[in-house]
Amino acid sequence: MKIKYKLILVTVLVFIVTINIVAGIAISQYNSLFIEREIKSAKNEMSFIKNSIENYAKDLQARGGTYNKDSLVSIIEIYKKYYINQDIILDYSDDNSKNNVFLDTEEGSIIIQNRFSEPFENISLVFKKSFQDIYDLQKNWNSFFIKIYLLLSGILAIALMFIISRLFKPLENLIHKTEEIIIENSNEKIPVIANDEVGELSMKFNVMLDLLNENMETIKESSIQKQWLLDNLTHEMRTPLTSIQGFSEYLMRTNAAEEDRVVALTHINEEANRLKQLINKMFDLMTLKKESLNIVKLNSGEIFNTIRKIEFQKLKEMNIDLKINIETDYFYGDEQLILVLLTNLIDNAINASKDNTRIEVAIYSKDEKTIIKISDQGQGIDSKDRPNIFQPFYKSDKNRPAIYRGAGLGLSLCKKIVDLHNGSIEVKSQKDIGTKIYISLKSI
C-alpha cells in the first residue's frame with residue numbers, strides 16, 4: 001500500500017475513533033443530565049401528588065368524614081385512576097421503607113417511594129413513571145450520529161484524497177522522472193518546482209545524480225585507460241618476447257660460434273632487461289596512490305648527490321657534465337618518489353644527449369613554490385609530439401636504439417608523481433637544440 005493511502009486510512013480511522021469517543025462522552029453526559037432532570041421532575045410531581053392526597057384526606061376529615069387507612073387508600077385509588085392517563089402509576093406500600101428513588105432500566109421507568117405524614121407514616125406512596133422516551137431518544141441520537149459521522153468520514157476521506165494527492169504530486173513526479181532517467185540512462189536533471197521538502201529532495205537528488213555521473217565518467221575513463229594500458233602493455237611485451245624467443249631458438253638449433261653466441265645472449269639479456277623495466281614501471285604506475293605518500297622535509301644537496309651517484313656510470317661513459325645549482329637547501333616531498341622522478345628525468349636527458357655535452361639542474365624558490373629545472377643539450381622533442389609525451393607507452397623518437405628508447409612509461413610515471421604532490425610539470429623543447437623541464441612543487 002502506498003504511503004498516501006496509508007495516511008488517508010490512518011487519518012480517517014483516527015477521526016472516527018476521536019468522534020466516537022467525543023460523541024460517546026457527549027451522549028452519556030446528555031443522558032445523565034436528561035435522567036437527572038426527569039428524576040427531579042418526578043420527585044416534584046410525587047411531592048405534589050402526596051401533598052394533594054394528604055390535603056384531600058384532611059379536608060374530608062374536616063367535613064366530618066373518617067380519616068383512616070381505608071379512606072387514604074380510597075383517595076390513592078382516585079388519584080391512581082386520574083394519573084394513569086399521564087403514564088404515571090400510583091400505589092401504596094405497607095413495608096415501612098424509607099424514602100427511595102429507583103431506576104428500572106429494563107422497563108425504562110422511575111420509581112419513587114415516599115412515606116406519608118403522621119398518623120400514616122407507616123404507609124408509603126409509590127410513584128412510577130416511564131422514561132422509555134429517553135431510551136428511544138438515545139437510539140435516535142445514536143442512529144443519527146452514526147449517519148453523520150459516516151457521512152463526515154466519507155467527506156473527510158474524499159477531501160484527504162484530494163489534498164494528499166496534491167501534496168504527493170511532486171513526489172510522484174520525482175519518482176516518475178527518476179524511472180525515466182533510469183530507463184533512458186540520461187543525464188537529465190529533476191526539475192525543482194516547490195520550495196519545500198520535496199523541492200529539497202529534488203535538489204539533493206540532482207546533486208547525487210551529478211556525483212554519480214562524475215563517478216561514472218571517472219569509472220569509464222579509468223576502464224578505458226586500463227584497457228588502453230593493457231593493450232599497449234601486451235603490444236610492448238610482444239617485441240622483447242619475440243626477440244628473446246628468436247635468439248633462444250637460434251642458439252638451440254645451430255652450433256653458433258662463440259662470438260655469435262655472445263651477441264645472441266647479449267640481445268636476450270637486453271630484451272629481458274627491457275621487459276623487466278617495463279613490468280616494474282607499469283607496476284609503479286598502477287599502484288601509486290596519494291594515500292601512500294610520506295611527505296617529509298628533504299635536503300636538496302643529499303637528494304642530488306644520490307642522483308649523481310645513480311647516474312655516475314652513464315655520465316662517465318658519455319662524458320656528460322651534470323651541473324647542479326642549489327639555491328634552496330630544503331624542500332618537501334616523498335623521498336622515494338622524488339628520487340624516482342628526478343632519476344627518470346635526468347636519465348631521459350642523458351639518453352637524449354650527445355657525448356661531451358652538459359646537463360644543468362637547478363632548484364630554487366619562486367612565488368612560495370619550489371622549482372626544479374632540468375636542461376639538456378640533446379636532440380629535443382618535436383612540437384607535434386609534445387602534447388602526448390606524458391601518455392603511457394608514447395615514444396616521440398622511434399628511431400632511437402631500443403636500449404635507450406625504453407618502454408614509454410617514464411614520463412607518465414613522472415607526471416603521476418608530480419600530480420600526487422599537487423604540483424605541475426612543464427616541458428619546453430626545440431628540435432636539435434635541447435629540452436627544459438620545469439617541476440613546480442608546493443612549499444609547506
Side-chain angles (χ1 to χ4, degrees), residues 218 222 225 229 277-315 320-353 358-376 378 381 386 389-394 406-429 434-444:
T218 303
S222 177
Q225 183 75 2
L229 285 171
Q277 183 186 35
L278 174 66
I279 294 171
N280 287 339
K281 288 195 175 182
M282 188 69 184
F283 179 78
D284 290 339
L285 192 62
M286 297 296 289
T287 56
L288 275 180
K289 293 182 180 179
K290 193 174 185 66
E291 293 80 4
S292 61
L293 288 185
N294 179 28
I295 303 296
V296 294
K297 188 176 183 181
L298 302 175
N299 185 295
S300 303
E302 292 178 359
I303 290 294
F304 285 104
N305 282 336
T306 302
I307 300 295
R308 188 185 291 277
K309 290 175 183 178
I310 293 171
E311 299 293 347
F312 175 77
Q313 190 60 37
K314 292 183 72 172
L315 291 168
I320 294 175
D321 179 23
L322 178 61
K323 184 178 180 181
I324 300 174
N325 181 26
I326 298 176
E327 297 180 14
T328 298
D329 293 330
Y330 297 95
F331 67 103
Y332 290 87
D334 184 296
E335 183 175 2
Q336 295 303 318
L337 293 184
I338 292 296
L339 285 173
V340 171
L341 168 68
L342 296 176
T343 302
N344 268 284
L345 292 176
I346 292 175
D347 196 60
N348 283 350
I350 293 171
N351 292 336
S353 298
R358 183 171 62 185
I359 296 174
E360 294 181 357
V361 177
I363 180 168
Y364 56 92
S365 295
K366 183 181 179 181
D367 298 331
E368 297 183 352
K369 292 182 180 180
T370 299
I371 309 298
I372 300 175
K373 177 184 175 183
I374 300 172
S375 306
D376 65 54
I381 303 171
R386 241 173 278 156
I389 59 174
F390 293 114
Q391 295 293 329
F393 299 106
Y394 187 82
L409 291 171
L411 286 177
S412 297
L413 186 59
C414 291
K415 179 69 166 62
K416 188 160 187 178
I417 291 171
V418 172
D419 289 343
L420 289 174
H421 283 78
N422 295 319
S424 61
I425 183 169
E426 181 184 2
V427 176
K428 296 181 179 180
S429 185
T435 301
K436 294 179 181 178
I437 296 178
Y438 296 87
I439 302 165
S440 175
L441 301 174
K442 287 186 177 181
S443 298
I444 300 177

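The chain is numbered in sequence order, starting from 1.
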Between [Y] and [X], is there a side-chain heavy-atom distance shorter than 4.5 Å?
X: Lys415; Y: Ile425; value: yes
X: Asn299; Y: Asp329; value: no
X: Leu322; Y: Val361; value: yes

Checking Asn294, Leu298, Leu420, Ile417 against Asp334 for side-chain contact (heavy atoms from CB on, under 4.5 Å), the one that qualifies is Asn294
Distance, nearest 0.5 Å, that separates [atom1] of [X] from [atom2] of [Y]:
X: Ser424; Y: Ile371; atom1: OG; atom2: CD1; result: 7.0 Å
X: Ile363; Y: Ser300; atom1: CD1; atom2: OG; result: 3.5 Å
X: Lys416; Y: His421; atom1: NZ; atom2: NE2; result: 13.5 Å
X: Glu360; Y: Asn325; atom1: CD; atom2: CG; result: 8.5 Å
X: Ile346; Y: Arg308; atom1: CD1; atom2: CZ; result: 9.0 Å
X: Thr435; Y: Asp376; atom1: OG1; atom2: CG; result: 4.5 Å

Under 6.0 Å from the ring centre and within 45 degrees of the ring axis: does the NZ or CZ of Lys297 meet both conditions for the six-membered ring of Tyr330?
yes
Is the Lys NZ or Arg CZ of Lys373 less than 6.0 Å from the centre of Tyr364's six-membered ring, within 45° of the axis?
no
Cut-off 3.5 Å, no hydrogens considered: what does the side-chain donor-acceptor table look like for residues 335-343, sequence neighbours left out?
{"residue": "Thr343", "atom": "OG1", "partner": "Leu339", "partner atom": "O", "Å": "2.5"}

Can a side-chain donor-acceptor contact be found between Thr328 and Ser365 if the only test is distance below 3.5 angstrom?
yes
Go through the steps for Glu311 and Asp347 under the test side-chain contact (heavy atoms from CB on, under 4.5 Å), then give the verdict.
CA-CA 7 Å; Glu311 299 293 347; Asp347 196 60; 3.2 Å; yes
Given side-chain contact (heavy atoms from CB on, under 4.5 Å), test Ser353 with Ile359 step by step and report yes or no.
CA-CA 8 Å; Ser353 298; Ile359 296 174; 4.1 Å; yes
Audit row: Lys442, Tyr332, side-chain contact (heavy atoms from CB on, under 4.5 Å) steps and yes/no:
CA-CA 8 Å; Lys442 287 186 177 181; Tyr332 290 87; over 6 Å; no
Heavy atoms only: give me the nearest Ser429-Gly434 pair and the separation to one decimal.
OG-O, 3.2 Å
Evaluate whether atom CG of Asp367 has more than 12 neighbouring non-hydrogen atoms of other residues, nucleotides or ligands under 6.0 angstrom away.
no
Would Asn305 and Ile324 count as a side-chain contact (heavy atoms from CB on, under 4.5 Å) here? Give the steps.
CA-CA 9 Å; Asn305 282 336; Ile324 300 174; 5.8 Å; no
Applying side chain to side chain contact (heavy atoms under 4.5 Å, CB included) to Lys309 and not counting sequence neighbours gives none
Assess whether side chain to side chain donor-acceptor pair (under 3.5 Å) is satisfied between Asn351 and Lys314, documenting all intermediate values.
CA-CA 9 Å; Asn351 292 336; Lys314 292 183 72 172; 2.8 Å; yes
